[in-house]
Amino acid sequence: MPAITQYKENKGRLPLWDQELLGSGGKRLGVVRWGQGTPSNSLWSPSFRCDWKKLGVGKKGGGNTGGCIYIRAGRVFTMSKSRGSEFLDVILHIEKALNPATNAGTYPPYRPGDTTAGRDINLPLVKGPLGNELPKVIPGNYAKPPKTPEGAPLWRGADTGYEDNRKIFSQHAFEVPQDNFRLGNYYSSNYCKYYTSDVYIKYGYTEVQCDEYPFASTQEGAAKDKINYSVRGVRADHNWKHGDALKAFYGHYRLLTYDPVNTITKVSDSPFWVKIAD
């Protein structure tokens, strides 16, 4: 039975009631506070949620099975450029994508007249630069005010969302007629091999992977609007190690995949932000 321990005046264990308190419209209001009997007032625990799912893999993840999380607290995936040197390629990519002052230089480019409806994933925009590239509105930046598009959280997506996001920029044939560039229809085809070919040439095609932000595991990935995202070739070992760190974060902070069928309130309670530290 989950419980929290109070360390103030009245030290002791406070049992948690595992029944959600819903309003008349089905909106989630909280969790009833007392663990025994029928509550006589409106006191709730501060929105704890417990689960028995296995989340997180890799050396830092440990494959956590089950846990409780205080979902009202902001969950922030913090990456340090000095302490995270083992996946620095990914950190620098995300840092550039998060900053409106620099993300006009990310790929695919965003230019005047470009729309989601007008984008053809088989004909990505020419690399350029042409001088008219526009900043993108990419969410998840913990350093930005919370009520701004850039400061809006990322949300853990559905299990099927990963492939939907990846298929926007990979796993299909595409061509850029302006540069006489074409990649055939095979699994390893991706935009990074066109936009950041210099990285592949530097490290070798078998040693580089296509990294994307927002993460493919989120609802804000490339499939959302096909514009406000970024891809870049990074060293494969950096990408693997960063993936392990992200999965460990998901596990420790109980970021569940969105399940619209079995979620009573039809909303995810797994928002999070990204922070880049020196």
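Note that the structure is predicted; figures quoted are calculated from it, not measured.
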Close side-chain approach of P108 and F169, heavy atoms under 4.5 Å
no
Between S85 and H238 the two heavy atoms that sit nearest each other are O-CE1, 3.7 Å
No-hydrogen, no-angle side-chain donor-acceptor test under 3.5 Å, Y229 and N165
no
dist F215:CZ -> H242:NE2 (nearest 0.5 Å) comes out at 4.5 Å
Is the backbone N or O of R232 less than 3.5 Å from a side-chain atom of T196, with the two atoms forming a donor-acceptor pair by type? no
CG (N99) and CD1 (I138) are apart, to the nearest 0.5 Å, by 10.0 Å
key: Y107/Y194 aromatic ring centres below 6.0 Å   = no
Looking only at heavy atoms, the pair that brings P139 and P214 closest together is CD-CG, 4.3 Å
Residues at least two apart in sequence or cross-chain that pass side-chain contact (heavy atoms from CB on, under 4.5 Å) with A173, listed by chain then number, are R182, N185
CG of D89 to CD of Q209, rounded to nearest 0.5 Å, is 11.5 Å
- Taking the side chain as every heavy atom from C-beta outward, state whether F87 and D244 have any atom pair closer than 4.5 Å. no
- Is atom CZ of F77 surrounded by more than 12 heavy atoms (other residues, nucleotides or ligands) closer than 6.0 Å? yes
**Student check: side-chain heavy atoms of P124 and Y195 closer than 4.5 Å** = yes
Beyond-backbone contact of M79 with V90, side-chain heavy atoms, under 4.5 angstrom: no
Just wondering, do S188 and K193 contact through their side chains at under 4.5 Å, heavy atoms? yes
What one should report as the nearest heavy-atom pair of I227 and T115 is CD1-C, 3.6 Å
Of all heavy-atom pairs linking P271 and P153, the shortest is CB-CB, 3.8 Å
In short, K144 meets P100 closest at the heavy-atom pair CE-CD, 4.1 Å
Q) Is there a path from F249 to W273 through hydrophobic residues (I, L, V, M, F, W, Y) whose side chains come within less than 4.5 Å of each other? A) no
Between Y213 and the options N103, V231, V274, the side chain to side chain contact (heavy atoms under 4.5 Å, CB included) test singles out V274
ILVMFWY network linking L255 to Y142, side-chain heavy atoms under 4.5 angstrom | no
Under a plain distance cut-off of 3.5 Å, with no hydrogens placed, do K136 and T106 share a side-chain donor-acceptor pair?
yes
S217 vs Y250, side chain to side chain contact (heavy atoms under 4.5 Å, CB included): CA-CA, chis, key distance, verdict = CA-CA 10 Å; S217 54; Y250 285 165; 2.7 Å; yes
query: Is D278 salt-bridged to K81, cutoff N-O under 4.0 Å?
result: yes
(Q) Take a 6.0 Å sphere around OH of Y186 and say whether it holds more than 12 heavy atoms from other residues, nucleotides or ligands. (A) yes
Here the gap from K96 atom NZ to I276 atom CD1, rounded to the nearest 0.5 Å, amounts to 14.5 Å
Out of curiosity, does V199 fall in the hydrophobic cluster containing L92 (side-chain heavy atoms, cut-off under 4.5 Å, transitive links)?
no
Interatomic distance, CD@E212 vs CZ@R166, rounded to 0.5 Å, equals 4.5 Å
Practice prompt. Would you kindly confirm whether Y162 and W240 end up in one hydrophobic cluster when ILVMFWY residues are joined by side chain heavy atoms under 4.5 Å apart?
Written response: no
Value for NZ (K202) from CZ (R235), rounded to nearest 0.5 Å, stands at 7.0 Å
Flag yes if Y191 and Y200 sit in one hydrophobic cluster, no otherwise; membership is Ile, Leu, Val, Met, Phe, Trp, Tyr, and two members link when side-chain heavy atoms are under 4.5 Å apart.
no
Answer whether the closest heavy-atom distance between the side chains of P109 and K127 falls below 4.5 Å. no
Item to complete: I would like to know whether Y253 and I69 meet side chain to side chain contact (heavy atoms under 4.5 Å, CB included); could you show each step before the answer?
Response: CA-CA 7 Å; Y253 293 95; I69 188 72; 4.2 Å; yes
Sidechain-backbone polar pair: N132 side chain, R111 backbone, donor-acceptor under 3.5 Å
no
Inset, instruction - Please answer whether the main-chain N or O of N122 pairs with a side-chain N or O of H172 as donor and acceptor at a distance below 3.5 Å. - result: no
G233 and C192 have their tightest heavy-atom pair at N-SG, 3.7 Å
Close side-chain approach of P177 to L123, heavy-atom, < 4.5 Å = yes
Using only atom types and a distance under 3.5 Å, with no angle test, would you say the side chain of T116 pairs donor to acceptor with the backbone of D225? yes
_Could you check whether any side-chain heavy atom of L256 comes within less than 4.5 Å of a side-chain heavy atom of R156, counting everything from C-beta outward?_
no
Ignoring hydrogens and angles, tell me if any N or O in the side chain of E95 forms a donor-acceptor pair with the backbone of H93 under 3.5 Å. no
Q.
Check whether D198 reaches the backbone of I201 with its side chain - one donor and one acceptor, N or O, closer than 3.5 Å.
A. no
